[in-house]
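Encoded as C-alpha cells, the structure appears first; notes follow it.
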Number of protein chains: 2
Amino acid sequence: MTRQPSSGDRPTVKDVAASSGVSATTVSRVLAGNYPVSTATRARVMKAVRELDYVINAQARALGGGGTKTVAFIVHDLVGPAFAYVGQGVEQQATAEGRLCLVCTTHGDPERELELIELMREQQAEAVVLVGGGSNSRSYVERITQIARALDKSGSRLVLCGRPPLSPEVPATVVEYDNEGGAYAITSYLISLGHRDIAFLGAGEPGHTTVDGRLRGFERAHEAHHLPMTPQRTRAITFDRESGYQATRDLLARGEKFTAIFAATDVVASGVLVALREAGLRVPDDVSVVGYDDIPLARDLTPELTTVHVDHEELGRTAVRYALNRDRHAMSQHTVIGTHVVIRNSTGPAPKPARTRPGK
Amino acid sequence: MTRQPSSGDRPTVKDVAASSGVSATTVSRVLAGNYPVSTATRARVMKAVRELDYVINAQARALGGGGTKTVAFIVHDLVGPAFAYVGQGVEQQATAEGRLCLVCTTHGDPERELELIELMREQQAEAVVLVGGGSNSRSYVERITQIARALDKSGSRLVLCGRPPLSPEVPATVVEYDNEGGAYAITSYLISLGHRDIAFLGAGEPGHTTVDGRLRGFERAHEAHHLPMTPQRTRAITFDRESGYQATRDLLARGEKFTAIFAATDVVASGVLVALREAGLRVPDDVSVVGYDDIPLARDLTPELTTVHVDHEELGRTAVRYALNRDRHAMSQHTVIGTHVVIRNSTGPAPKPARTRPGK
DNA sequence: TTGTAAGCGTTATCAC
DNA sequence: GTGATAACGCTTACAA
C-alpha cells in the first residue's frame, strides 16, 4: 500500500522504495548513480520519484554519507561594494565546485564574529571565509590562530581574504591582494605628476591591516623619492563618504598645504570630491584626488576617479578555490593577487605654486 | 577511558557523556537547556564540553530534533546595489529570528533558478526568497505556481520579493513595493515642473514585472494630466549604465524632442548623465533626469539624482519576517511597501522652448 | 543486480 | 534527575 504524502511531511526513500517495489538501498543507488542498477529498476524508481515528487533530505544525507558541501562566507556587511564583489566571487566558485554558500554578517562586532565561527563549526562548513582587513593586535592574532585550529580540528578550513598571513604553523588559507604595492604605485604616480604635498585620508585604527598597508605604501613612495611627509596631512577617518567629506573640510579649514589627496577608499574619495567642489576647488586643476578599490562608483564620480584596481571577485574565487583544493598535508597557504593603477580624470599635473586654503 | 579526538574527527555527545560520566541524553539536555538538570551534573558536562572542544553537529540535530532553521536567498547577482540591500535585509531578519542564511545566484538563468529551488527543497529551507522582478508570461506564472506548491509540500515557504502577487490559491508570501505608484509620483513631479516631453528609458522585455510597473506609472501620470505619449521616446534597454548611455545618444542622434528623461533605474541614469554631458547639455538646465531605486550612487552622481526611494533592506526584512511568522492556515500573503520621491539636483523647470538635438 | 543490517549524531519517549 | 532505547532518513558494508 502506497503512503499518501500530505503537506509538510515529505516522502522518504522508504516511500519511494515501497512505491516502486524495491529496497531503500536500491533507491539510494539509483539516486546517487554511482552503482550499477538495471535499467528497468532505475526506470521504475525514477517514476516513483516523480510521482511522489520526492527530494532527498540533505541533512540525512550529510549524516549518513559524506560531508555537507558547504562554504561559509562571513563578512562585515553585504552592501559595501568591495564586500559584495568578494561575496560574488565566493558564491561563484563555491557553486562551481558544487558547494552551497552560507552567508553571515558581523557588522564589525568581534563577538558576533566568534559566535558565527562556532555556528559554522556546527554546520560543518568545509571552508569558512573571513573577509576584510582585521586588526594586527597581538590578542586578535591569537584569537584568529585559535579559531583556525578549532576549525581545523572540526575538519573545516579557515580562509582569510584580504588580510596578511599568519604564522606558517597556523592551519589557514590566506588570499590577499598587493595592498601596499598598489598604494606605493599610485602615490608614485602622483609624485611623477609633480605633487609634493599629498594628504592621506585613512589613517586611524592603527593596527588595522588594510589601512596600515595603504599608509605604508604611501610612506614608502615618499621615501623612495626622498620626499618628506608631514603628519598634519594624514587624517584618521571612518571610511565612509561622510568622513572623507569632513576630513577634507578640516584640511581646508586648517589651511594645510596640499596639491593632491590620497583617499583610502573610493567611497572616501566621493566625499572628498564633494568637499572640494563646495570649496570652489577644481579637480584635477587645483587638486588631484585618488582613491583605492576601483569599485564601479569610481567611474560614476565627476571627474572619474584615478584609483587602484583590486579584483575583489577574483579574490573571493581564489579564496574558495584554494581552500577546497588544497594539499591536505600543507598547513598554511598564502597567495597574493596583483593590483594596478587605473588612471582616469581626477589626477593631473601639480599646480604651481601649491594651493593652500582659498582666500588665505 | 576517554576517547582522544584527532584532527577532522569531531567529538560527539557520546564522547562528552563518557568523559563526564553521564548518559548522552543528559548531555543533550544540558546543551539544549530546556530540561531540569542538577547543577553539579551540568557543571561536569560543560567542563567536558570545553575540554573536548565539543560542538554539536547541526545536521544530526536537524535530523533528530526539529527542523533546520535556514532561510534561502536566491537572487540574480550579489553586486547589483538593489539586490545587495535586499540581501542585507534578508540576512539581518533571518539572523534576528535565529536562522542561517543560504545564498545562491542565478545570473538570470531560469534553469539555474529551478535547480536552486530543488536544492533548497533538499536543504529543507524554511523559506525560499526569490528576489527581483520576474516575467508576467503565462508559462512563467505557471512555473512559479508549481514551485510554490512543491515547496509548500516540502514544508517550506516561497517568498516573492519585489514582484506582484500570484493567485490567492497559491501558497506564497509576496512582498512588493509600490513600484507603479513611485513611477506615477515622479512623473507627476516632472510634469508639475512644466515638462511635457519626457523620454522613458526602460521599456523592453514586455512582461517583465518591474519594468512594466514603472512604465505603467509613467503612462498613468500622462493620462491623469491629459498629456499625450509618443512611443518614439520610450526605449528598450538592458538596465545597465552602458545601455542608458547608448539609449540617450540614440535619442539625441535621432533628434527626438524631450526636456526630461525618466531612467528606469539609477544605474541607467548614470549612463544618461554621461551621454548628456558629452553632448554638451546641462542637467537640469537643458534636460531634467530622474532615476529609480535611490541607491547610494544617486547621491554621488553630478548632479545628485532626483529619484524614487525604495527601502530595499526593509523589503528583505519584511519578506523574511512574514514568511517565518505567518498564519499557518493562510494560503497567500501580500504586502506592499511604500515608495516616495526624493528630490535632488537633477531636475528643474522645463526650459522653453523645449530642447531638441543641439545644432539641429 | 539486489537486499539486509548496521551505523551516522542527535533528540524524544518512556521508564526508573 | 537521569538513563535506556527508539526514531530521524540516508549511505555503505556485507551477503545473496
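Throughout, a chain's letter reflects where its sequence line sits, starting with A, and its residues are numbered from 1.
Smallest separation of non-hydrogen atoms from B:Val131 and B:Phe73: CG2-CE1, 3.2 Å.
Between the CG atom of A:Leu63 and the P atom of D:dT11 there is a distance of 11 Å, rounded to whole Å. Rounded to whole angstrom, the span from the CG atom of B:Leu31 across to the P atom of C:dT11 amounts to 7 Å. Taking atom CG of A:Asn34 as the reference point, atom P of D:dC10 lies 15 Å away to the nearest angstrom. In this structure, the NZ atom of B:Lys14 is 12 Å from the P atom of D:dT5, given to the nearest Å. Note: NZ (B:Lys69) to P (C:dT11) measures 13 Å, nearest angstrom. In this structure, A:Asp15 atom CG and D:dC8 atom C1' are separated by 13 Å, rounded to whole Å. The CG-P distance, from B:Asn57 to C:dG7, rounds to 18 Å in whole Å. Distance B:Ile56 CD1 to C:dT10 P: 6 Å, rounded to the nearest Å.
When each of B:Val90, B:Val103, B:Leu102, B:Leu78 is paired with A:Val103, the side-chain contact (heavy atoms from CB on, under 4.5 Å) condition holds for B:Val103 and for no other.
In this structure a side-chain-to-backbone donor-acceptor pair under 3.5 Å is present from A:Arg99 to A:Glu97. At distances below 3.5 Å, not a single donor-acceptor pair connects side-chain atoms of A:Asp152 with backbone N or O atoms of A:Gly155.
Phosphate proximity of D:dC8 to A:Thr12: absent, as no side-chain N or O sits under 4.0 Å from OP1 or OP2. Contact between the side-chain N/O atoms of B:Ser23 and the OP1/OP2 oxygens of D:dT2 is not found at any separation under 4.0 Å. OP1 or OP2 of C:dT11 lies within a sub-4.0 Å distance of a side-chain N or O belonging to B:Ser28.
Residue-to-nucleotide proximity on DNA chain D shows that, of A:Val27 and B:Thr39, the 5′-proximal contact is made by B:Thr39. Mapping B:Thr25 and A:Tyr35 onto DNA chain C by nearest heavy atom places A:Tyr35 closer to the 5' end of the strand. If A:Ala60 and B:Thr41 are placed on DNA chain D by their nearest nucleotide, the residue sitting closer to the 5' end is B:Thr41.
If you check distances only, the side chain of B:Arg29 does reach the base of D:dG3 with a donor-acceptor pair under 3.5 Å.
Checking C:dT10, D:dG3, D:dG9 against every side-chain atom of A:Val13, the shortest atom distance belongs to D:dG9. The side chain of B:Pro36 lies closest to D:dG1, out of D:dG1, C:dG9, D:dC10.
A:Glu126 has no carboxylate O lying under 4.0 Å from a charged side-chain N of A:Arg157, or vice versa, which leaves the two without a salt bridge.
Within the 4.0 angstrom heavy-atom criterion, base atoms lie near A:Gly64.
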